[in-house]
There are 2 protein chains.
Amino acid sequence: MTTNNIIEQLKQKGLKVTPQRVAIYEAVIKLKKHPTAEKVIEYIKKNHPNISVGTVYKVLESLVENQLLKKVKNEKDVMRYDAITQHHHHLYCTDSERIEDFEDRELDRMIQEYFSRKKIKGFKVKEITLQITGEFKN
Amino acid sequence: MTTNNIIEQLKQKGLKVTPQRVAIYEAVIKLKKHPTAEKVIEYIKKNHPNISVGTVYKVLESLVENQLLKKVKNEKDVMRYDAITQHHHHLYCTDSERIEDFEDRELDRMIQEYFSRKKIKGFKVKEITLQITGEFKN
DNA sequence: TTCTAAATAAGAATTATTATCTTTAAGTAA
DNA sequence: TTACTTAAAGATAATAATTCTTATTTAGAA
């Protein structure tokens, strides 16, 4: 995603385009691997040495609210952020903090088909994400 | 689950049977709805007014290590705990902090079958849990 | 160019959780 | 039953992540 693209997206959401917002959004996209707020701060400080920690948290939060980012979390660590692209699942490593994306349209179709056939009583499903835990082989 | 049952389980895991451990384990089971450490403390204080916060955290942690409890977390709140029964998924409410269990053996079988057929490259799957987000219809 | 609301910076405050250190008590064996 | 050993509990300090507050700055509209 280009910087112009990022600016365009912020505008579309009615967010003021500030250098901080652009940098933070760009950082999450560039860093991939679901960075924590801390990783984002570390990365951004290179070009924006004076950026405030609170700003990073606030901007991340507002990008999530505006559906430009998503939060990801497993049971053992702090909040992480993920750029919204296509719907995907997450592979969590049992032995480390590693998290990877996993996309599988066929799987999605199968699950979607399953739940359109078999409703959950008293619950309206909006989204299903698989938390796949296991081990990365080397 | 009876108190004797709880005591038996602690013994089986080689954990000393203390009133605090029994109370904490019992609380998570009784409270259902995936209580936070705070909820557990609140509940336990009724019968154990002098229990220490650190103890609750420590005991919860050791019950998780000994696979008597599981941690559950979604993207918007603090750690929650869940008694281990059968394998199950979670229904997360988009509008509140509510989390419910969801069991479906047929679904599990279907997913298991899918992944035994279609491997994930470089990853050995151990467990798959669905994070189903949506709305509870009162 | 000026104006105004919204955003940022700085740092204090809060919250959840963990660590430390002393005291207590569970389980074992005499 | 009693005494012993060691793990567990209690109290509280420390830490880490995140949120809040207030003054200052700036993006975008007029």
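To find a chain, count down the sequence lines: A is the first, B the second, and so on, and within it residues start at 1.
- Residues B:Leu15 and B:Glu38 each lie close to DNA chain C; by heavy-atom proximity, the contact nearer the 5' end of the strand is made by B:Glu38.
- Per the geometry, NZ belonging to B:Lys39 stands 11 Å off P belonging to C:dA16, to the nearest Å.
- For A:Lys16, whose side chain is taken as the heavy atoms from C-beta onward, the closest listed nucleotide among D:dG10, D:dT6, D:dA27 is D:dA27.
- One cannot find a donor-acceptor pair under 3.5 Å joining the base of D:dA8 and the side-chain atoms of B:Thr18.
- B:Lys58 has its NZ atom 12 Å from the C1' atom of C:dT23, to the nearest Å.
- Rounded to whole Å, atom P of D:dT25 lies 13 Å from atom CG of A:Asn50.
- Looking at heavy-atom distances under 4.0 Å, B:Thr55 makes contact with a base.
- If you check D:dA9, C:dT17, D:dA27 against the side chain of B:Val59, the one that comes closest is D:dA9.
- Checked against D:dT18, C:dT8, D:dG28, the side chain of A:Ala37 finds its nearest nucleotide in D:dT18.
- Between B:Leu10 atom CG and C:dA25 atom P the separation is 18 Å, expressed in whole Å.
- Separating the CD atom of A:Glu61 from the C1' atom of D:dT19 is a distance of 10 Å, rounded to the nearest angstrom.
- Not one N or O on the side chain of B:Thr129 forms a donor-acceptor pair closer than 3.5 Å with the backbone of B:His89.
- Look at A:Arg105 and A:Glu103 and you find a salt bridge, because one of the NZ, NE, NH1 or NH2 atoms lies within 4.0 Å of a carboxylate O, short of that distance.
- Comparing atom distances between the B:Ser52 side chain and each of C:dT8, D:dT19, D:dT12 picks out D:dT12 as nearest.
- A salt bridge does not link A:Glu135 with A:Arg98: none of the charged nitrogens is closer than 4.0 Å to a carboxylate oxygen.
- The pair B:Glu113-B:Arg117 counts as a salt bridge, with a side-chain nitrogen and a carboxylate oxygen less than 4.0 angstrom apart.
- Here the C1' atom of nucleotide C:dA9 and the CD1 atom of A:Ile44 are 14 Å apart, to the nearest Å.
- Closest to the side chain of A:Pro19, out of D:dA27, C:dT8, D:dA17, is D:dA27.
- Close to D:dT19, at under 4.0 Å from its OP1 or OP2, lies no side-chain N or O of A:Tyr57.
- Between the C1' atom of C:dT17 and the CG atom of B:Leu60 lies a distance of 11 Å, rounded to the nearest Å.
- Taking atom CD on B:Gln20 and atom P on D:dA8, their separation rounds to 11 Å, with Å as the unit.
- Mapping A:Lys11 and A:Val53 onto DNA chain D via the closest heavy atom, the residue that lands nearer the 5' end is A:Val53.
- Panel note: side chain B:His87, backbone B:Ile128; a donor-acceptor pair is recorded below 3.5 Å.
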